[in-house]
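Throughout, protein chains are lettered first and strands after them, A, B, ... in sequence-line order, and every chain is numbered starting at 1. Because only heavy atoms are used, hydrogens play no part in the values below, and waters and symmetry mates are left out as well, while side chains stay in.
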Amino acid sequence: MEKLQVLRGMVDLLPSETILWQHIEESANRHFKKAGVSEIRTPLLEATELFSRGIGEATDVVGKEMYSFLDRGNRNCTLRPEGTASVVRSVIQNGLTSQGPQKLWYSGPMFRYERPQAGRQRQFHQIGLEFIGFGSPRSEVEAISIAWDLLKELGVTGLNLEINSLGNDEDRKTYRKNLVAWLEENFKSLDSDSQTRLKKNPLRILDSKNPSTKALLTNAPNLKDFLSKESKERFQKVEDELTKLSIPFEVNPMLVRGLDYYSHTAFEITSSDLGAQSTVCGGGRYDGLVEQLGGPSTPAIGWAIGMERLILLLSRNEPETYYSPTYYLVNRGEQAESFALKVARDLRYHNQNVELDLSSAAFSKQLKRADRSGAKWAVLIGDTEAKEHEVILKDLRSKKEERSKEERLKLKDLLKRFS
RNA sequence: GCGGGCGUCGCCAAGUGGUUAAGGCAGCGGCUUGUGGCGCCGCUAUUCGGGGGUUCGAAUCCCCUCGCUCGCCCCA
């Protein structure tokens, strides 16, 4: 039989890795609580239409990256490729919009059928924030600062924040017309990828990594010059407030995000330590989405952090930490093994971390394992001790030169230490 | 979807056409029927991702395929 293995682009998280994952999840949880942001959990599976309508039919995500299938009732289903559409759907469906503005966060797996590479998997995880019902530039700054501080708190260094204004729909429409006209004049000088994009999604050409196209674009019409007065003022406000908070940023006029629903402020937090997929956090304003998905006209802003990319950054700085029990129960002999089950449980009732050796191996073997487990104490139990309801407590941290401290005591006396 | 690199034990690896595929780590057993950190001894790949071919002979050469990886694309 062929070896069974995970599907392409999917990964197992092993015990040595889940420690870091839990650490990040706990920090995020605490961080959101401090900022008055509540968690929302939505299903991984949604109607395909939610994403085709929400994200945009023309985007690559919808066009060629979704995991879609017909279920047994012939419904067209899709494993969510991102979180925002689901959250908005849920907010509308459950009438949260009529309960005032919502500050929400979520975390969990997303699915995109892409070729895997560094920082890109088919199942990946995002932690995301959505402010729904908030239209002020201050809400953008608040959203950005929550992301920035979370990453800082986690100890990520070498981050760059880039922001840009995409303006309102009108601004963008006018700009698009002008840009396309200019690009068509310069069609021959574009690389072939950009030539195809010209029809599909011309704004994305601004993001091109092709050096000659990049050079060419320095002369292209600038989105900034097409922003309305209101759009400009709003963006200026964002810049001012970020500056007051001492959050360093850079305005990148070429920053255009790939999902159709973005408007006004868009931003990305990147790290040069990540390779080609350098965005750790990306987001922006999406004022039209709630209405587009059937809700009342509602402004909103959100972002998402890529967990795997964050992990890549963290495992560079942080020493690996493994779970270690406080007590390791060494036990051998019929009565001892039975008694040890009880000792383990009693210690855990007193909130102690206990690993019970289940091997029946020689004492020396078990002690060797106790030592490697990183436990502070070995608790030795043989039949002699079991008969007397006693244990031997041995300090595993004493240095090898000195004789190890060892103490024989009744189980109840050991337990008294914790009450 | 398109390019480049790679694929020998759970992990790290030597081997690049010729009798039994090094070694290290981890694991297991023992030296030590009840006392760790060190040491020593032993065991652990009929097989080199899978399939086909060339050859007297292949882990080593060729073809196909699968997977990993890096980049393009795309995005978190």
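- For A/A118, taking side-chain heavy atoms from C-beta onward, the closest of the listed nucleotides B/rC70, B/rC75, B/rA76 is B/rC70.
- The gap from the C1' atom of B/rG57 to that of B/rU44 amounts to 29 Å, rounded to the nearest Å.
- Of the candidate nucleotides B/rC75, B/rC74, B/rG29, B/rC74 has the atom lying nearest to any side-chain atom of A/E114.
- Comparing A/G119 and A/D191 along RNA chain B, the residue whose closest nucleotide (by nearest heavy atom) sits nearer the 5' end is A/D191.
- A/A370 comes within 4.0 angstrom of no nucleic acid atom, judged by non-hydrogen atoms across all strands.
- Taking only side-chain nitrogens and oxygens, A/R369 comes nearer than 4.0 Å to OP1 or OP2 of B/rC28.
- Side-chain proximity of A/D193 to B/rC73, B/rA76, B/rU35: nearest is B/rC73.
- Here A/K64 does not reach the OP1 or OP2 of B/rG1: none of its side-chain N or O atoms lies under 4.0 Å away.
- Considering only side-chain atoms of A/K368, the nucleotide from B/rG37, B/rC75, B/rU35 that sits closest is B/rG37.
- Between the side chain of A/R204 and the base of B/rC73, no donor-acceptor pair of N or O atoms lies under 3.5 Å.
- Between the side chain of A/Q117 and the base of B/rC73, a donor-acceptor pair under 3.5 Å is found.
- Judged by distance alone, with hydrogens and angles left aside, A/R8 brings no side-chain donor or acceptor close enough to the base of B/rC68 to form a pair under 3.5 Å.
- A/I127 comes within 4.0 angstrom of no nucleic acid atom, judged by non-hydrogen atoms across all strands.
- Within the 4.0 angstrom heavy-atom criterion, only backbone atoms of the sugar-phosphate kind lie near A/A362; the bases stay farther away.
- Comparing B/rU8 with B/rA45, their C1' atoms sit 9 Å apart, to the nearest whole Å.
- A close approach under 4.0 Å does occur between a side-chain nitrogen or oxygen of A/R257 and OP1 or OP2 of B/rA76.
- Checking B/rC75, B/rG29, B/rU35 against every side-chain atom of A/Q277, the shortest atom distance belongs to B/rC75.
- OP1 or OP2 of B/rC74 lies within a sub-4.0 Å distance of a side-chain N or O belonging to A/R197.
- Spacing between B/rC11 and B/rG27 at atom P, rounded to whole Å, works out to 15 Å.
- Nearer the 5' end of RNA chain B, as judged by each residue's closest nucleotide, is the contact made by A/R332, out of A/V6 and A/R332.
- Contact annotation for A/E82: no contact, since no heavy-atom pair falls under 4.0 Å across all strands.
- Salt bridge status for A/R122 with A/E114: absent, with no side-chain N to carboxylate O gap under 4.0 Å.
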